[in-house]
S.K.: 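Sending over a structure as structure tokens; questions will come in a sec.
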Amino acid sequence: MPATVTRPAQEQIPVLHEADVIVLGGGPGGIGAAVGAARNGAKTVLLERYGFLGGMATAGHVNPWMPNHHDGKPLDTGVFQDWCKRIEALGGMKLPHRQFCPETAKLAAEQICLEAGVEILYHVMFDRPLLNGAKVDSVLMLGKSGLTAHRAKVFIDTSGDADLAARAGCPFEFGREGDGAAQPMTTNFDLANVEVKRIPDRKILQEKYEQAKAEGRIVCPRENVLYFHTVEEDRIHFNTTRVVGCKGTDTLQFSRAEIEGRRQVAQFITFLRSEISGFENARLHSMGSQIGVRETRRVKGRAYLTRKDYERGSKFPDGICRVTYPIDIHNPTGTGTEMVHLPKGDWYEIPYGCLVPQGCENLLVGGRPISVDHAVHSSMRVMPPACTVGQACGTAAALCAQRGLSPAELDGREVKRLMIAQGVNLVEGGPEASAAAPYRNDRSAAVLSA
Ligand SMILES: Cc1cc2nc3c(=O)[nH]c(=O)nc-3n(C[C@H](O)[C@H](O)[C@H](O)COP(=O)(O)OP(=O)(O)OC[C@H]3O[C@@H](n4cnc5c(N)ncnc54)[C@H](O)[C@@H]3O)c2cc1C
């Protein structure tokens, strides 16, 4: 245990907001939540630690949007689609593979939030909730002018890490069963000035990568070099560093991970420039403002989805999000990536109860840290469904604030109906029988890994 200090008690803290709904964290989940709440009539405030929105899509430099489609059609046709259309209108999207410009994604996210009537407060870091029995009365945020308080009827935790839920005393899981190890972190980076046509095929790149690792020129546990084309012809995006053994919720480990991620980036640049054709004159274009965090806490909610539900393609009458993206687990302790695909044509659904945490009466959790196991998390965490899950939270929170209900008292089927009415590609009714085809365990599909 480190030494401790005591902070002065009874400090008077100004209340900056009295809202219907407060959303903590402006990533894909938080954008969906804030717009979803505001469009349904709630006075909504979005609190974000950075000076822009987007979360992993912008601060984490994650790209592209992973596909979450059924029958060739996108499933995330609500707020997520609006965000994409705005990025496209601003010239920041490349179809059909949906690479996007992160800077344009910041502009577009802010525009759609403001147009929906969301009040955004930037540069505030969550400190703690003030509780009133089993309810959150307000959240304390730390900004340039010190601590401020923000009060609401309903709170939505879209911090990615369930920071608010954890501090409010909600039970949660961390990482995989057994050892609690979470998926690794990755510092994403782009190289510009690449002669794309001269890049060797992936087999040759793989051989050179393995040789560089064997001879110590690269020290990285990842099994291959994962790269994507970007919105610009001469720019390549890399999602290939891998930092294991660090928790994104531990101050010291999170900081160490940043340094290790950038150490790996520097090695990759040297390797690519000196050993791989097409990269001889490449230069570092950009990196994430922070290392990408795939997994930390997952709250325990009123419903809980497991790998078995994924395999069965479980459907629910209150399924508020449909997902076809595979199980995609980057080995938490080293090399290898597990990909498990659903049978063609099938999907699974996330029931509303996965967004309603145990242990707090006026809180919803959206984005990636919802009540699912390690395997299902690896599938639903990608940005399109994370945004739709957020939208479901926002929709539910607005209904709760209007009616004076707690999220647990609300009928999730109503949330689903409202989302359908607002354009989300969900199937009315349910549950339906799952397709009978066996599921596929396909490691060779790792090229689409997130
Ligand atoms: C390396 C990596 C590669 C990935 N690749 C892909 C991919 O190719 N395609 C894809 O679709 N998905 C990919 N994903 C998954 C996806 O990016 C995330 O799962 C998704 O962004 C989760 O959305 P979220 O809103 O739940 O969380 P986040 O995107 O993490 O957003 C959380 C937001 O909350 C804010 N916040 C956090 N804590 C606090 C606090 N204490 N106080 C105030 N604000 C706070 C953050 O600044 C951020 O804006 C990848 C993820 C990683 C890490």
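In each ligand, atom 1 is the first atom listed, and ligand 1 is the first ligand listed. Basis for what follows: all heavy atoms, side chains included, without hydrogens, waters or symmetry-related copies.
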S.K.: Measure Asn239 to ligand 1 on non-hydrogen atoms and call it side chain, backbone, both or neither using the 4.0 Å cut-off.
M.R.: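 The answer is the side chain.
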S.K.: Tyr304 ring centre to Lys300 NZ or CZ under 6.0 Å, with the angle to the axis within 45°?
M.R.: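 Judged by the rule (NZ or CZ under 6.0 Å from the ring centre, within 45° of its axis), Lys300 counts as positioned above Tyr304.
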S.K.: Salt bridge or not for Glu210 and Lys213, using N-O below 4.0 Å?
M.R.: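 No.
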S.K.: Identify whether NZ of Lys or CZ of Arg in Arg202 sits under 6.0 Å from the centre of the six-membered ring of Tyr227 and within 45° of that ring's axis.
M.R.: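 Yes, Arg202 and Tyr227 form such a contact.
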S.K.: Regarding ligand 1, does Met125 bring an N or O atom to under 3.5 Å of one of the ligand's N or O atoms?
M.R.: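 Among all N and O atoms of Met125, none is under 3.5 Å from an N or O of ligand 1.
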S.K.: Decide whether an N or O pair under 3.5 Å exists between Asn188 and ligand 1.
M.R.: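 Looking only at distances, the answer is no, because the N/O contact criterion of under 3.5 Å is not met.
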S.K.: Quick check on Thr158 - does any of its heavy atoms sit under 4.0 Å from an atom of ligand 1?
M.R.: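 Yes, Thr158 has heavy atoms under 4.0 Å from ligand 1.
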S.K.: Please determine if Asp328 and Arg381 form a salt bridge, counting it only when a charged side-chain N lies under 4.0 Å from a carboxylate O.
M.R.: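 Counted as a salt bridge, because a side-chain N and a carboxylate O are separated by less than 4.0 Å.
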S.K.: Look at Arg86 together with Glu115 and state whether they make a salt bridge at an N to O cut-off of under 4.0 Å.
M.R.: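 Judged by the 4.0 Å cut-off on N to carboxylate O distance, Arg86 and Glu115 do form a salt bridge.
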S.K.: For ligand 1, is any non-hydrogen atom under 4.0 Å from Val382's backbone (N, CA, C, O), its side chain (CB onward), both, or neither?
M.R.: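 Looking at Val382 and ligand 1, atoms from backbone and side chain both fall under 4.0 Å.
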S.K.: Going by side-chain contact (heavy atoms from CB on, under 4.5 Å), Tyr50 matches just one of Gln290, Met125, Lys106. Which one?
M.R.: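 Answer to the side-chain contact (heavy atoms from CB on, under 4.5 Å) test with Tyr50 among Gln290, Met125, Lys106: Gln290.
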S.K.: Using non-hydrogen atoms of the residue, decide whether Gly26 is closer than 4.0 angstrom to ligand 1.
M.R.: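 Flag set, Gly26 near ligand 1.
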S.K.: Please report whether ligand 1 has a polar contact with Met66, defined as an N or O pair separated by less than 3.5 Å (distance criterion only).
M.R.: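 Yes, there is a polar N/O contact under 3.5 Å.
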S.K.: Is it true that Val124 lies under 4.0 Å from ligand 1, counting heavy atoms only?
M.R.: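 Judged by the 4.0 Å heavy-atom criterion, Val124 does count as contacting ligand 1.
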S.K.: Which heavy-atom pair separates Ile22 from Val139 by the least distance, and what is that distance?
M.R.: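 Of all heavy-atom pairs spanning Ile22 and Val139, the closest is CG2-CG2, 4.4 Å.
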S.K.: Taking both backbone and side-chain atoms of Leu47, is any N or O found less than 3.5 Å from an N or O belonging to ligand 1?
M.R.: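 It does not: no N or O of Leu47 is found under 3.5 Å from an N or O of ligand 1.
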S.K.: Taking the six-membered ring of Phe172, is NZ or CZ of Arg297 closer than 6.0 Å to its centre and within 45° of its axis?
M.R.: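 Ring-cation test returns yes.
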S.K.: For ligand 1, find out whether one of its N or O atoms is nearer than 3.5 Å to an N or O atom of Val62.
M.R.: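 Min N/O separation from ligand 1 is not below 3.5 Å for Val62.
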S.K.: Looking at ligand 1, would Pro28 count as a contact under a 4.0 Å heavy-atom criterion?
M.R.: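 In this structure, Pro28 qualifies as a contact of ligand 1 - some heavy atom is under 4.0 Å.
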S.K.: Under a heavy-atom criterion of less than 4.0 Å, does Gly390 contact ligand 1?
M.R.: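 Contact absent.
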S.K.: Kindly indicate whether a cation-pi arrangement holds for Lys247 with Phe254, taking the cut-offs as under 6.0 Å to the six-membered ring centre and within 45° of the axis.
M.R.: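 Here Lys247 fails the 6.0 Å and 45° test against Phe254.
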S.K.: Looking only at N/O atoms, are Phe126 and ligand 1 under 3.5 Å apart anywhere?
M.R.: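 Yes; at least one N/O pair falls below 3.5 Å.
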S.K.: Using non-hydrogen atoms of the residue, decide whether Ala57 is closer than 4.0 angstrom to ligand 1.
M.R.: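 No, Ala57 has no heavy atom closer than 4.0 Å to ligand 1.
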S.K.: Is the closest N or O pair between Pro369 and ligand 1 shorter than 3.5 Å?
M.R.: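 In this structure, Pro369 places no N or O atom under 3.5 Å from an N or O of ligand 1.
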S.K.: Measuring from non-hydrogen atoms of Thr187 to any atom of ligand 1, is the shortest distance under 4.0 Å?
M.R.: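 For ligand 1, residue contact (heavy atoms, under 4.0 Å) with Thr187 is absent.
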S.K.: How does Val293 reach ligand 1, by side chain, by backbone, by both or by neither, if only non-hydrogen atoms under 4.0 Å count?
M.R.: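 Looking at Val293 and ligand 1, just backbone atoms fall under 4.0 Å.
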S.K.: Evaluate the side-chain hydrogen bond (donor to acceptor under 3.5 Å, both in side chains) criterion for residues Gln81 and Trp83: first the C-alpha distance (whole Å), next the side-chain angles of each, then the deciding distance (0.1 Å), finally the verdict.
M.R.: CA-CA 5 Å; Gln81 182 166 277; Trp83 188 15; over 6 Å; no
S.K.: Does the N or O separation between Glu48 and ligand 1 drop below 3.5 Å for any pair?
M.R.: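 It does: an N or O of Glu48 is found under 3.5 Å from an N or O of ligand 1.
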S.K.: Please name the pair of heavy atoms, one in Asp250 and one in Gln253, separated by the smallest distance, quoted to 0.1 Å.
M.R.: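 Here Asp250 and Gln253 meet closest at OD1-N, 2.9 Å.
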S.K.: Using distance alone, decide if ligand 1 has a nitrogen or oxygen within less than 3.5 Å of any nitrogen or oxygen in Arg294.
M.R.: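 No; every N/O pair is 3.5 Å or more apart.
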